[in-house]
Asker: 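Once you've had a glance at the structure underneath, I'll fire off some questions.
By convention in this document, chain letters (A, B, ...) are assigned in the order of the sequence lines, proteins followed by strands, and residues within each chain are numbered from 1.
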Number of protein chains: 2
Amino acid sequence: MAQARNTNVISAFPTRRHNHGRCVSTAIESAERVSEARGARFTAIRRRVLELVWASHEPVAAYELLDRLKLEKSNATPPTIYRALEFLLENGLIHRIESLNAYVGCGNPENEHNGQFLICTRCGVVAELGCDSIDGAVRERAGELGFTVESHTVEIQGICESCGKTTR
Amino acid sequence: MAQARNTNVISAFPTRRHNHGRCVSTAIESAERVSEARGARFTAIRRRVLELVWASHEPVAAYELLDRLKLEKSNATPPTIYRALEFLLENGLIHRIESLNAYVGCGNPENEHNGQFLICTRCGVVAELGCDSIDGAVRERAGELGFTVESHTVEIQGICESCGKTTR
DNA sequence: AGCGGTTTTGTAATATTATATCAATATTGG
DNA sequence: CCAATATTGATATAATATTACAAAACCGCT
Ligand SMILES: [Zn+2]
Ligand SMILES: [Zn+2]
Ligand SMILES: [Zn+2]
Ligand SMILES: [Zn+2]
């Protein structure tokens, strides 16, 4: 169990009118630092795809990204997107939401971690948790069964607070 | 939080030479009871697909099931399989492993639950947990953020005890 | 600047996973 | 048996992802 634990960093649901430009610029700056530190090349395509992923807090599908990228780069093809996504995933800059086949930006890419996600089935917004207690419960239970954890996927579907308040 | 909690039923990793025929027959019998109780029709196709899913404790992809089914039913097509899978999922008889786009039999279909899975990346075997502490941690953390949980996906990748003992 | 190795990108083709549609058949309840 | 409903058959297509190989860009070195 010699593995770094996340501090309990919360990125709760973003309010409807938070300064999202700040989310994007912070993400890009983090990406630059992470890439620099790892000697990875944060190329124009990769940067642009990361910006497109960060267009909102809703997970984006690969082909949506492709359609969007094609508007400004007409020779973009599936590999263009999938290679960029692969790079961003490898460097922890985005997460893949398995239950949606879609991708979201990571709010804390400078600390390696497994994401845990709250996914609002009404508005589509996703919030990432960095939750020790879930992580701990997972590792503890796995350990009891002699299982060595490499990574884990936690995706929680439900209704976010804001949607819960509006008329159903 | 008025939701039934599983008892902490463990279906730890099946040993290499457990009586697997018993797994299958138990699963089919449970399926009959569940279907009966819910007034659902456990047709020949559905039964056969469930048996095929239960061919092992490794998740099976839809098109593997299709190839297999075609051997005995040459007119089987993707909808044949996907419809059967849909039925089996709806009735809790199988689970979908999102991170693998594959399906495994449920060992405890008579109690409604979200699965939590240990997935061995070496041998491919999957074990289902019915773990209160993980479930609890998820609900607690979500609750703190005003999020109402509908379902959750927990998939833990790593090395199972048996694989961990063999030479790497 | 020139060179050679490496990484990234371009391009075409294809694989894999999943769904839509409508007709035919089987099952159920009356 | 009849009519309504559920299931299955059959075809087509959508959505997601990967393979393969060539061209271009980049990097470290001289
Ligand atoms: Zn934002
Ligand atoms: Zn993250
Ligand atoms: Zn078994
Ligand atoms: Zn189960």
Asker: Between residues 73-80 of chain A and DNA chain D, which residues have a heavy-atom gap below 4.0 Å?
Answerer: Pro78(A), Pro79(A)
Asker: Using a 4.0 Å cut-off on heavy atoms, which residues in residues 83-99 of chain A reach DNA chain D? List them by number, or say none.
Answerer: Arg83(A), Arg96(A)
Asker: Could you work out, with side chain to side chain donor-acceptor pair (under 3.5 Å) as the rule, every residue matching Arg16(B), not counting sequence neighbours?
Answerer: Ser162(B)
Asker: Where the side chain of Arg46(B) meets the backbone of Ala84(B), is there a donor-acceptor pair that is under 3.5 Å apart?
Answerer: no
Asker: Does the dA20(C) base have a donor-acceptor partner in the side chain of Tyr82(B) within less than 3.5 Å?
Answerer: no
Asker: Give the residues of residues 35-54 of chain B touching DNA chain D, defined as any heavy atom closer than 4.0 Å, sorted by residue number.
Answerer: Arg41(B), Thr43(B), Ile45(B), Arg46(B)
Asker: What range of DNA chain D does chain B touch, first nucleotide to last, counting atoms under 4.0 Å from its heavy atoms?
Answerer: dA6(D) to dT11(D)
Asker: To the nearest angstrom, how far is Leu65(B) atom CG from dA18(C) atom C1'?
Answerer: 14 Å
Asker: Is the shortest distance from a Lys or Arg side-chain nitrogen in Arg83(B) or Glu86(B) to a carboxylate oxygen in the other one below 4.0 Å?
Answerer: no
Asker: Can you list every ring-ring contact (aromatic ring centres under 6.0 Å, His included) pair that touches residues 122-152 of chain A, not counting sequence neighbours?
Answerer: Phe147(A)-Phe13(B)
Asker: Mind jotting down which residue pairs meet the ring-ring contact (aromatic ring centres under 6.0 Å, His included) criterion with at least one end in residues 21-44 of chain B? Sequence neighbours excluded, please.
Answerer: none
Asker: Quickly work out the Leu69(A) CG to dT11(C) P distance and round it to whole Å.
Answerer: 13 Å
Asker: Give every residue pair that meets the ring-ring contact (aromatic ring centres under 6.0 Å, His included) criterion with at least one member in residues 126-146 of chain B, sequence neighbours excluded.
Answerer: none
Asker: In chain order, what residues pass the side chain to side chain donor-acceptor pair (under 3.5 Å) check against Ser151(A), with sequence neighbours excluded?
Answerer: Gln157(B)
Asker: Checking Thr80(A) now: which residues fulfil side chain to side chain donor-acceptor pair (under 3.5 Å) with it, not counting sequence neighbours?
Answerer: Thr77(A)
Asker: Show me the side-chain donor-acceptor pairs of residues 52-62 of chain B shorter than 3.5 Å, one per line, residues at least two apart or across chains.
Answerer:
{"unit_1": "Ser56(B)", "atom_1": "OG", "unit_2": "Glu58(B)", "atom_2": "N", "d": "2.9"}
{"unit_1": "His57(B)", "atom_1": "NE2", "unit_2": "His18(B)", "atom_2": "NE2", "d": "3.1"}
{"unit_1": "His57(B)", "atom_1": "NE2", "unit_2": "His20(B)", "atom_2": "ND1", "d": "3.1"}

Asker: Tell me whether the centres of the aromatic rings in Tyr103(A) and His95(A) are closer together than 6.0 Å.
Answerer: no
Asker: Looking at CZ of Arg68(B) and NZ of Lys73(B), how far apart are the two atoms once the value is rounded to the nearest 0.5 Å?
Answerer: 14.0 Å
Asker: Under the side chain to side chain donor-acceptor pair (under 3.5 Å) test, which residues partner Glu90(A), sequence neighbours left out?
Answerer: none
Asker: Should we say atom CD of Glu36(A) is surrounded by more than 12 heavy atoms from elsewhere, each under 6.0 Å from it?
Answerer: no
